Amino acid sequence: MKLVIIEGFGKLETVQKYLGSGYKVFATGGHVRDLPSKRLAVDVKNDFEPTYVVMDDKKSVAESLKKAASAAETVLLATDPDREGEAISWHVATLLDIPADAPVRIEFNEISKNAVQTALKNPRAIDKNLVDAQQARRVLDRLVGYKVSPVLCQKIQSNLSAGRVQSVTLRLVVDREREIQAFVPEEYWNFFSHLKTESGENIKTALNGYKGEKIKLSCEDDVKKLVSDLENAQYTVKNVKKSVTKSHPYAPFITSTMQQDAMNKLGMSLRQTSSAAQTLYEGVELPNEGKVALITYIRTDSTRVSSAAIAAAREYIGKNYGDKYLPEKPNYYASKKSAQDAHEAIRPISLDRTPESVKPYLNKYNYMLYNLIYKRFLASQMADATYNSVSVDIAANDYDFRISGRTPVFDGFTKVYAAADKPSSDDDKSDDNKRVPELTVGETLGFVKHEYEQKFTKPPARYTEASLVKAMEEKGIGRPATYTPTVTLLFSRKYIEKSGRAIAATELGCKVTDMLVKYFPDIMDVGFTANMESELDGIEEGGVRWQNVVAGFYEGFEDKIKAAKGDDYTLKAPDEQTDFECEKCGAKMVIKTGRFGKFLACPNYPKCKNTKNLDENGNISEPKAPEVSDVVCDKCGAMMVVKTGKYGKFLACPNYPKCKNIVNLDKPADANEPPLPPCPKCGKPLKKITTRKSVFYGCSGYPDCDFASSDPPTGEKCPECGAPLVMKTGKNGKYVKCIGKTCKYKKNVENDGK
């Protein structure tokens, strides 16, 4: 049996189906190893050496993975085809002691039978350059997060965070918000003259200039002067320009353009789009087929498409729309210079699975997104749309007027894509889309009336999720896989908020930005962040040590941290004085802001640690009286109370913190468990103690006797040193072990662990 390791549980069934009976697919659910969450775990003095551990919530996954790998004849790593996926494969290989040069890495850009089978024939070694690029990103993000976040907590409020990509993205939103606040509207006037052609048709012409120069009407007096100047003016056609214009199809989707169009055309949020795209990539249930993947890999910055997919699209277009909709040669689209170009553009795996054919098996959002992806890709290989365009210049005294428009000649790609999309908000209203009657140079036009309207310039628009992603892409901030998590994190931290469909910076977001710009201008510089992305790309391409890139960033970083922490500058809200008297020391309590909102605190902290909760109306919220149980605390004799924590209900001594006795109510003792021997230290009865976090065996004579063991004592003494023996369970079964600090005595238990 061959073991194939993937990331997502959602595609397990789909991949298993294409591999067949000789393979077993195992999903890790993402990373199995990472930097530990509660410490820096990056040795800045030792070439930034990271310390990786198996994540707490993945320990059972790691054990199952080791067990499955030990039973397999071959292990293949088929994690996602990007830096993150390559790093996950490397971590798994390290966990399973797979040699670094072993050809165990396979990848596929789509989950189809052909792609999976082709990948099996082309295993390779893990690409350490890709891994190192991801390691550099992870270490940089850890350094920024763990070093800078405490500065924000010290100077603004607790529970704040900073991030290398997160913070500069926040700055975009804050800067835009301040542009809007500082904007001063300027008055201007639009001016039109309605005219009549010799054939009797009415046309609306717009003021375009004065004596060959652009003209701006800034106030009503300017309009009155213009009306006066045009009195009895003769309107004459000065120039007629006709041309055939073409509109080229859009490139197939990359991650950012898919997210933008999904919001602009379908009204889908980043989360909805990411979720729907992931489902379409991993597979959906189809009748008589099981799970079937519908689209290619969804995290890409490349518009490249395989020759086979282009050929399939051209065949489909010719068959269903006719040869006139086929360009003479296939359409190719250039990716941006910054693109990694690791994968194809996002496209349907098979054009035979039309949106309508799978609609009954997709939810609303999955269908809308698939329809958009399908038609965008199909249209990308169709012929240009062509138009007859005309622009007419009309002279009146020294003033110039213009009317322009275009009429469709051949719909081309818009036959498909126009049906898939909502029309652009302005295109249908644009004067460029209106019909212009036949006019000849020298023709005199009759005057009908003037039309003018007062306008004011508008401030720049707030970002939407779509336009923010577009800005991140254009400025080189982050990469396709980071757009959605970054924006989502800013919302969760309450640095930004929704204002209709737009994004507004909160007061907290502005404070965080100001503090970071003051002390860490490099981190908050868009160009610096974009350049760092380029350096990470350089690591991926080879020839650049990731440690050197991190060292270049870290130079002088600690000095900035120290300077920030030592500076008295603060944006913390001052404590609000109240008339509430502290019942413990008599001081007037103050209102503070913590991670859970506002609360009352004694100003004499830390001598007096009295606090009180405040409700949403600013009133003291007295805690509910605890439920008293009928259980007597075996340590101090008080009646224990019932409390509820993250691990469920438990009994707690009311004399905390003097007495810290607790008993978990959700983990009763096993009635079938054999009786415990007496305490090996004092001879009193032992008891099994179940706390919220652990189980251990302790002496009932506590605190006079402090014996405790995480493993059940056997009641026997070590034959070598006389210390107690405890029972343990290992991969080969049960065994007894001495708990003496320096004794290594151990003995397997017979007839166990077969």
Side-chain angles (χ1 to χ4, degrees), residues 1-29 68 76 78-81 106-121 252-253 258 262 266 268 272-298 305-306 308-321 343-378 381 416 419-420:
M1 181 71 70
K2 296 180 179 180
L3 181 68
V4 176
I5 299 171
I6 62 174
E7 286 182 48
F9 294 102
K11 58 185 176 183
L12 192 151
E13 182 184 333
T14 320
V15 175
Q16 182 70 71
K17 178 177 65 174
Y18 295 136
L19 288 172
S21 58
Y23 295 84
K24 179 183 177 181
V25 182
F26 186 100
T28 66
L76 295 172
T79 50
D80 287 351
I106 62 173
E107 58 180 348
F108 34 83
N109 191 57
E110 62 186 56
I111 307 174
S112 63
K113 185 172 184 178
N114 180 60
V116 172
Q117 294 294 335
T118 301
L120 290 174
K121 297 174 184 177
F253 281 134
M258 176 186 70
L266 306 177
M268 292 174 62
Q272 289 171 332
T273 303
S274 297
S275 176
Q278 188 72 31
T279 299
L280 296 172
Y281 166 64
E282 292 182 343
V284 296
E285 289 285 342
L286 296 182
N288 304 319
E289 294 186 79
K291 255 194 170 182
V292 177
L294 297 181
I295 62 173
T296 55
Y297 191 55
I298 54 178
V305 174
S306 70
I310 290 176
R314 289 177 63 83
E315 181 182 354
Y316 185 95
I317 293 165
K319 180 179 178 181
N320 290 276
Y321 297 98
H343 325 290
E344 286 189 57
I346 302 170
R347 60 170 176 82
I349 291 175
S350 171
L351 288 170
D352 291 334
R353 296 192 191 280
T354 63
E356 290 305 313
S357 70
V358 296
K359 184 176 182 179
Y361 317 109
L362 304 179
N363 67 28
K364 172 186 174 182
Y365 295 111
N366 293 349
Y367 167 72
M368 289 196 303
L369 187 62
Y370 183 60
N371 187 49
L372 197 68
I373 293 169
Y374 185 99
K375 293 188 174 180
R376 173 88 168 213
F377 169 67
L378 193 61
Q381 287 302 319
V416 169

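The structure presented is a predicted model; accordingly, all values stated were derived computationally and were not measured. We use all heavy atoms of the structure for the numbers below, so side chains are in, but hydrogens, waters and symmetry mates are not.
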Please say which of I111, L362, I349, N366 ends up in a side chain to side chain contact (heavy atoms under 4.5 Å, CB included) with L294.
-> L362
Would K319 and Y316 count as a side-chain contact (heavy atoms from CB on, under 4.5 Å) if you check the C-alpha gap in whole Å, the side-chain angles of each, and the deciding distance to 0.1 Å?
-> CA-CA 5 Å; K319 180 179 178 181; Y316 185 95; 5.9 Å; no
Do K375 and N371 pass the side-chain contact (heavy atoms from CB on, under 4.5 Å) test, and can you show the C-alpha distance, the side-chain angles, and the key distance before you say yes or no?
-> CA-CA 6 Å; K375 293 188 174 180; N371 187 49; 3.3 Å; yes
Would a 4.5 Å heavy-atom cut-off, applied to side chains only, mark R353 and V292 as touching?
-> yes
Using the test side chain to side chain contact (heavy atoms under 4.5 Å, CB included), find all partners of D352 that sit at least two apart in sequence or belong to another chain.
-> S350
Where the side chain of E110 meets the backbone of A115, is there a donor-acceptor pair that is under 3.5 Å apart?
-> no
To the nearest 0.5 Å, what is the distance between CG (L372) and CZ (F377)?
-> 14.0 Å
List the steps and the verdict of side-chain contact (heavy atoms from CB on, under 4.5 Å) for Y374 and L351.
-> CA-CA 8 Å; Y374 185 99; L351 288 170; 3.7 Å; yes
Pairs of donor and acceptor atoms involving the side chains of residues 277-288, under 3.5 Å and at least two apart or interchain, shall be tabulated with distances.
residue : atom : partner : partner atom : Å
Q278    : NE2  : E282    : OE2          : 2.8
T279    : OG1  : S275    : O            : 3.1

Rounded to the nearest 0.5 Å, what separation is found between the CD atom of E107 and the OH atom of Y297?
-> 10.0 Å
Decide yes or no on side-chain contact (heavy atoms from CB on, under 4.5 Å) for R376 and M258, but give the supporting numbers first.
-> CA-CA 10 Å; R376 173 88 168 213; M258 176 186 70; over 6 Å; no
Show me the donor-acceptor pairs within less than 3.5 Å that the side chains of residues 17-26 make with the rest of the protein, sequence neighbours left out.
residue : atom : partner : partner atom : Å
K17     : NZ   : E289    : O            : 2.8
K17     : NZ   : K291    : O            : 2.6

